[in-house]
2 protein chains.
Amino acid sequence: MDFYELLRLEGKTIEKAKHEHIFVQGDSDRSFYRVQSGLLKAYYTSKKGKESVKSFILPEDTICSLTSAYSEGGCSFSLICLEATILIKIPFAKLYEYSQKHHEIANKIIELLLGLAMKKEKREFEFLCLSAEERYHLLVEASPKLLETVTQNDIARYLGVTPVGLSRIKNREHNN
Amino acid sequence: MDFYELLRLEGKTIEKAKHEHIFVQGDSDRSFYRVQSGLLKAYYTSKKGKESVKSFILPEDTICSLTSAYSEGGCSFSLICLEATILIKIPFAKLYEYSQKHHEIANKIIELLLGLAMKKEKREFEFLCLSAEERYHLLVEASPKLLETVTQNDIARYLGVTPVGLSRIKNREHNN
DNA sequence: CATCAATTTTAACCTGAGTTAATGCCTGCA
DNA sequence: TGCAGGCATTAACTCAGGTTAAAATTGATG
């Protein structure tokens with residue numbers, strides 16, 4: 001029993017249009033998603049309405065709210081489509097259940113979680129050790145495609161600065 | 001075969017004095033550690049010598065450099081004892097190997113990785129959405145013990161500000 | 001107990017980024 | 001084709017936090 005078989009067997013294909021939400025901060029959503037095609041944005045909304053972008057999710061990526069799926073609380077962030085998107089949806093509990101019986105599934109989950117943990121550690125490093133400007137340069141190096149697809153606003157809120165701030169950073173570039 | 005049996009069977013107990021390193025940024029260390037007693041600090045050192053604290057590691061916590069143990073690169077951070085510390089050390093590959101054969105081990109690893117991923121997501125949220133002052137307040141709420149044990153310097157570098165900056169934050173508190 | 005080193009606080013000055021607001025630019029849609 | 005709404009840039013002002021340096025406090029050790 002391989003992971004993709006499991007998705008085929010127990011998963012449900014979902015199609016969403018641009019601007020549609022998969023879930024909203026505070027919702028309960030115990031599903032695990034795999035992106036087949038499209039582009040999504042995971043983002044936090046503060047009490048004062050300030051938006052911060054947690055991540056962009058690309059084809060072949062997987063995503064779920066761990067606080068909702070695993071800790072059984074509400075989702076700590078919202079998930080929205082920036083493009084028309086096709087996903088496979090499967091209950092997180094189903095994954096967990098299969099991981100008990102099938103080594104191959106357990107191993108795939110370990111691999112996914114290792115990837116997630118490393119990605120988050122990298123982001124922790126960037127916020128802890130780098131300036132907004134350095135974070136921007138790394139993003140330009142690592143994901144030039146994303147910069148073309150996504151608005152400046154969303155890039156800024158992903159880097160932890162305001163759109164005005166990012167505009168200044170780019171401008172500083174230009175003059176050197 | 002339970003996780004702690006495995007540690008007993010294949011692990012090696014290590015005692016370290018205050019100020020001793022377990023590993024240094026750039027080292028290769030493919031081990032996985034569990035803290036039995038003591039206190040450690042994981043930290044990054046920048047090219048210009050600036051230190052940033054990634055995390056504090058307490059008894060019952062586990063720690064390893066994923067980039068070294070899993071991706072087989074050099075450690076991206078250093079690990080040092082802030083107190084005399086006793087750890088159990090086991091090759092990461094051994095854990096991986098046992099996880100292939102023993103469901104209970106695989107499940108424990110999944111549980112540990114879920115915990116790690118959630119901890120890192122929480123920290124990502126704090127850097128992305130909160131000010132240094134708000135991060136400090138959360139830390140005071142969540143870990144008052146730590147504030148008594150660890151120097152202001154290290155707390156500051158954990159919060160992503162300079163010691164001078166943290167002193168001001170505390171002072172601001174005091175006058176309100 | 002005295003002293004030296006490390007930690008913490010305070011002060012003065014500087015800088016990067018937030019805020020607000022005005023302007024110009026696209027793009028989608030009626 | 002023309003308009004409305006979102007996006008990006010620019011400018012003026014403010015402020016949190018960085019930097020440097022000096023003073024005050026604490027701690028560790030001979």
Side-chain angles (χ1 to χ4, degrees), chain A residues 17-21 39 41 43-53 56 80-84 126-140 144 146-176, chain B residues 17-20 39 41 43-53 56 80-84 126-140 146-176:
Chain A
K18 193 169 173 169
H19 298 145
E20 271 193 283
H21 274 92
L39 176 64
K41 171 178 80 170
Y43 66 99
Y44 297 104
T45 311
S46 78
K47 278 168 214 150
K48 289 147 217 141
K50 196 190 98 182
E51 182 178 308
S52 303
V53 175
F56 299 104
I80 194 172
C81 300
L82 297 183
E83 307 286 352
E126 291 176 1
F127 279 117
L128 187 59
C129 305
L130 306 181
S131 66
E133 186 160 352
E134 291 170 313
R135 292 198 294 278
Y136 173 67
H137 292 320
L138 278 189
L139 188 65
V140 170
L146 207 60
L147 298 212
E148 288 163 28
T149 319
V150 172
T151 67
Q152 212 83 241
N153 273 358
D154 281 336
I155 296 290
R157 286 169 190 135
Y158 174 74
L159 293 172
V161 296
T162 59
V164 178
L166 178 54
S167 179
R168 274 192 290 238
I169 288 171
K170 287 178 66 183
N171 193 19
R172 221 144 56 204
E173 257 336 68
H174 223 259
N175 298 338
N176 294 342
Chain B
K18 192 167 170 170
H19 298 147
E20 272 193 282
L39 176 64
K41 171 178 81 170
Y43 66 99
Y44 297 104
T45 310
S46 78
K47 277 168 217 150
K48 288 148 217 141
K50 197 190 99 182
E51 183 178 307
S52 303
V53 175
F56 299 104
I80 193 172
C81 300
L82 297 183
E83 307 286 352
E126 291 176 0
F127 279 117
L128 187 58
C129 304
L130 306 180
S131 66
E133 184 159 356
E134 290 169 312
R135 292 198 295 276
Y136 173 68
H137 292 320
L138 278 189
L139 187 66
V140 170
L146 207 60
L147 298 210
E148 287 162 30
T149 319
V150 172
T151 67
Q152 212 80 238
N153 273 359
D154 282 337
I155 297 289
R157 286 169 189 135
Y158 174 74
L159 293 172
V161 295
T162 60
V164 178
L166 178 54
S167 179
R168 274 192 289 241
I169 288 170
K170 287 178 66 183
N171 193 20
R172 220 142 60 201
E173 257 337 68
H174 221 258
N175 298 339
N176 293 342

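The chains referred to below are lettered A, B, ... by the order of the sequence lines, with proteins before strands, and numbering in each begins at 1.
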Do [X] and [Y] touch side chain to side chain, with heavy atoms closer than 4.5 Å?
X: L130(A); Y: Y136(A); answer: no
X: C129(B); Y: S46(A); answer: no
X: R157(B); Y: K41(B); answer: no

Original post:
Below 4.0 angstrom from OP1 or OP2 of dA17(C), is there any side-chain N or O of R172(A)?
Top reply: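 True: R172(A) side-chain N/O within range (under 4.0 Å) of dA17(C) OP1/OP2.
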Original post:
For DNA chain D, which nucleotides open and close the run of contacts to chain A, 5' to 3', at under 4.0 angstrom from a non-hydrogen atom?
Top reply: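 Span of nucleotides near chain A: dC7(D) to dA12(D).
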**OP:** Specify the residue among K50(B) and R168(A) whose closest nucleotide of DNA chain D lies further upstream toward the 5′ end.
**Re:**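 That would be R168(A).
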Original post:
With sequence neighbours excluded, what pairs up with C81(A) under the side chain to side chain contact (heavy atoms under 4.5 Å, CB included) test?
Top reply: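 Listed in chain order: K16(A), I22(A), L40(A), T85(A).
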[X] side, atom [atom1]; [Y] side, atom [atom2] - distance, nearest 0.5 Å:
X: R135(A); Y: I169(A); atom1: CZ; atom2: CD1; value: 8.0 Å
X: I155(A); Y: L147(A); atom1: CD1; atom2: CG; value: 5.0 Å
X: K18(A); Y: I80(A); atom1: NZ; atom2: CD1; value: 11.0 Å
X: F56(A); Y: L82(A); atom1: CZ; atom2: CG; value: 7.0 Å

Original post:
Among all residues two or more places apart in sequence or in another chain, which pass the side chain to side chain donor-acceptor pair (under 3.5 Å) test with E134(B)?
Top reply: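 E134(B) satisfies side chain to side chain donor-acceptor pair (under 3.5 Å) with S131(B) only.
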Original post:
What is the minimum heavy-atom distance between V53(B) and D154(B), and which atoms define it?
Top reply: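 It is CG2-O, 3.7 Å.
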May I have the distance from [X] (atom [atom1]) to [N] (atom [atom2]), rounded to whole angstrom?
X: E51(B); N: dT7(C); atom1: CD; atom2: P; answer: 10 Å
X: L166(A); N: dA17(C); atom1: CG; atom2: P; answer: 10 Å
X: E133(B); N: dA17(C); atom1: CD; atom2: C1'; answer: 17 Å
X: N171(B); N: dA11(C); atom1: CG; atom2: C1'; answer: 12 Å
X: K48(A); N: dT19(C); atom1: NZ; atom2: C1'; answer: 14 Å

Subject >> Selection: residues 146-163 of chain A, any non-hydrogen atom under 4.0 Å of DNA chain D >> reply: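 DNA chain D contact set from residues 146-163 of chain A: T151(A), Q152(A), N153(A).
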Less than 3.5 Å apart, which donor and acceptor atoms pair up between the side chains of residues 158-168 of chain B and the rest of the protein, not counting sequence neighbours?
from    : atom 1 : to      : atom 2 : distance (Å)
T162(B) : OG1    : G165(B) : N      : 3.1

Original post:
To 10°, what angle do the rotation axes through the five end pairs on each side of the helix from dC1(C)-dG30(D) to dA30(C)-dT1(D) form?
Top reply: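 Both end axes considered, the difference amounts to 40°.
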